[in-house]
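Right, one structure below, let's go through it.
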Amino acid sequence: MQRHSIPFDSFSILFTLKSCTHLHNLPLINHLHAHLLKLGFNSHVYVATSLLHAYVVASFRDACDLFDEMPGRNTVTWNTMITGYSKSGDVEKAWGVFDRMPLRDVASWSAMIACYVNNGHWGNGLTLFHEMLVVEQLKPDQVTLGSVLVGCAHMGSIGLLLGKSIHGFIAKNGWVLNVELGTVLVDMYAKCGFLKNASRVFDMMQDRNVKSWTVIICGSAQHGYGKEALSMFEMMKEVGVRPNELTFTGVLSACAQAGLVEDGRKYFRMIEEYGLAPTIQHYGCVVDMFGKAGLLGEAYEVIKTMRLEPNVFVWCSFLSACKVHKKFEMFERVVDRVMEMVKPENDGGVYTLVSDLYVLSNKWDDAERVRKLMVNQNVRKARGSSFIRSGAG
DNA sequence: TTAGGGTTAG
């Protein structure tokens, strides 16, 4: 790619642009944009692409307008737009950009793979990676492999197989396990159930940030190592890493899993001590923790007083606890409210739970009524999927 | 060697 020197006078503007990009400071970007126009540097592709990137982060609609008006574009410009569409969740438009750009480099492929993976199209991401290697014969770098590993983490045994070979490739080539690559590798092993490998990689990492600690805490909690998850959390604080909302989700699910109610209370209070607001996931974990421990009264108190509207997951935790601990009075106290909020598309097993609870409390008519609702819903779902299969009529 | 592509959620 031909390199052009940057107009000297635009250096300070570019520097300011870079520092305000991550602040999402749109008024300042607009101001710098006007300044660049006045100086006539907007036609310089390097400068214009820097501006485009700032808009992609702060306001994607403005980025699209700028992209349409740009007199010159290069591979970096096109790659920036792939990321823009990716972040706004528009996979098709991102593909459109990838498909029609004149030249693609490793970053273009990485951006498109990341777009698939970060929007839940994991299989497409892995297929594109395969095409990049086999058809294009391109050598991936750390960024590419990072995105591929995110896809692997969600693809079960196939993902694990590819993930392991990527790990082997990284080791064989003597690549440094930087914080991003290390984190996704730990997460991949943890999600695929290989917690020992996850811990081994985590121990090898030279730099760890809050995301690295969070994946190992969540992984430990998920696989039944609640106490270990909590000691990891304490270690994380000791080395001066600040937890975020997701870290607390891992910590609270560890408490729920291991039945550590007193720790759970303490860590729930700690969320606000760190200047964070409890999320619906935090409330869900606490309800689950009290429910599993048989403290249904406390679980109900949390639901009654929580600052957010309880969702279907929160209610499912509560109903499961009612079922396990045979607290049918509690169940009857809440059931009408639960049934009111359940919509067919977010049932999440609520109907089954409610029907079971009616059977267990000898309310056969009610159980039958809910069972009918469930059957009707399944019929609707089946009709919906056959409609899609038949090509929408 | 400058502007772009990467990490955590029940």
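Lettering of chains follows the sequences in order, A, B, ..., and the numbering in each one begins at 1.
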Checking all strands, does A:Val150 fall into the base, sugar-phosphate, or nothing category for heavy-atom contacts under 4.0 angstrom? sugar-phosphate

Determine whether the side chains of A:Thr127 and A:His130 contain a donor N or O and an acceptor N or O closer than 3.5 Å. no

Considering only side-chain heavy atoms of A:Asp141, which listed nucleotide, B:dT8, B:dG5, B:dG6, is closest? B:dG5

Could you check whether A:Glu245 gets within reach of a base, just the sugar-phosphate, or nothing at all, counting any heavy atom under 4.0 Å? nothing

Nearest whole Å is fine: how far is B:dT8 C1' from A:Phe233 CZ? 14 Å

Closest to side chain of A:Thr183, choosing from B:dG6, B:dT7, B:dT8: B:dT7

Donor-acceptor pair under 3.5 Å: do we get one between A:Asp288's side chain and the base of B:dG10? no

Distance in angstrom units between A:Phe202 CZ and B:dT8 C1', rounded: 12 Å

OP1 or OP2 of B:dT8 less than 4.0 angstrom from a side-chain nitrogen or oxygen of A:Lys191, does that happen here? no

Round to a whole Å and report the spacing from CG of A:Asn209 to P of B:dT7. 12 Å

Does any donor-acceptor pair link the side chain of A:Ser110 with the base of B:dG5 at a separation under 3.5 Å? yes

A:His53 side chain near B:dG5 phosphate (N/O to OP1/OP2, under 4.0 Å): yes

Out of A:Thr80, A:Asn30, A:Asp65, A:Asp62, which residue meets the side chain to side chain donor-acceptor pair (under 3.5 Å) rule with A:Tyr55? A:Asn30

Whole-Å distance between B:dG10 C1' and A:Leu246 CG? 10 Å

Nearest-Å distance for atom pair CG/P, residues A:Leu177 and B:dG6: 19 Å

Student check: side-chain heavy atoms of A:Tyr358 and A:Arg369 closer than 4.5 Å: yes

The side chain of A:Asn74 lies closest to which of these nucleotides: B:dG10, B:dA3, B:dG6? B:dA3

Minimum side-chain heavy-atom gap A:Gln142-A:Trp175 below 4.5 Å: yes

A:Thr83 side-chain proximity, nearest of B:dT8, B:dA3, B:dG6: B:dG6

At under 4.0 Å between heavy atoms, what does A:Val179 touch on the DNA or RNA strands: base, sugar-phosphate, or nothing? base

Would one find a side-chain N or O of A:Asn118 under 4.0 angstrom from OP1 or OP2 of B:dT7? yes

Determine, step by step, whether A:Glu332 and A:Lys363 satisfy the salt bridge (charged side-chain N to carboxylate O under 4.0 Å, His left out) criterion, reporting the C-alpha distance in whole Å, the side-chain angles of both residues, the deciding distance to 0.1 Å, and the verdict. CA-CA 11 Å; A:Glu332 283 182 37; A:Lys363 304 239 164 158; 3.1 Å; yes

Within this structure, what is the CZ-to-P distance between A:Phe248 and B:dT8, rounded to whole angstrom? 20 Å

Here the distance between atom C1' of B:dG5 and atom CG of A:Leu52, to the nearest Å, is 14 Å

Quick one: label A:Thr77 by what it contacts on the DNA or RNA (base, sugar-phosphate, nothing), any heavy atom closer than 4.0 Å. nothing

How many whole angstroms separate atom CD of A:Glu136 from atom C1' of B:dG5? 16 Å

By the 4.0 Å heavy-atom rule, please label A:Ser253 as base, sugar-phosphate, or nothing. nothing

Check every strand shown and say whether A:Thr249 touches a base, only sugar-phosphate, or nothing at a heavy-atom separation below 4.0 Å. nothing

Can you figure out which of B:dT8, B:dA3, B:dG6 approaches the side chain of A:Asp187 most closely? B:dT8

Given the side-chain rings of A:Phe268 and A:Tyr283, with only the six-membered ring counted for Trp, is the space between their centroids under 6.0 Å? yes

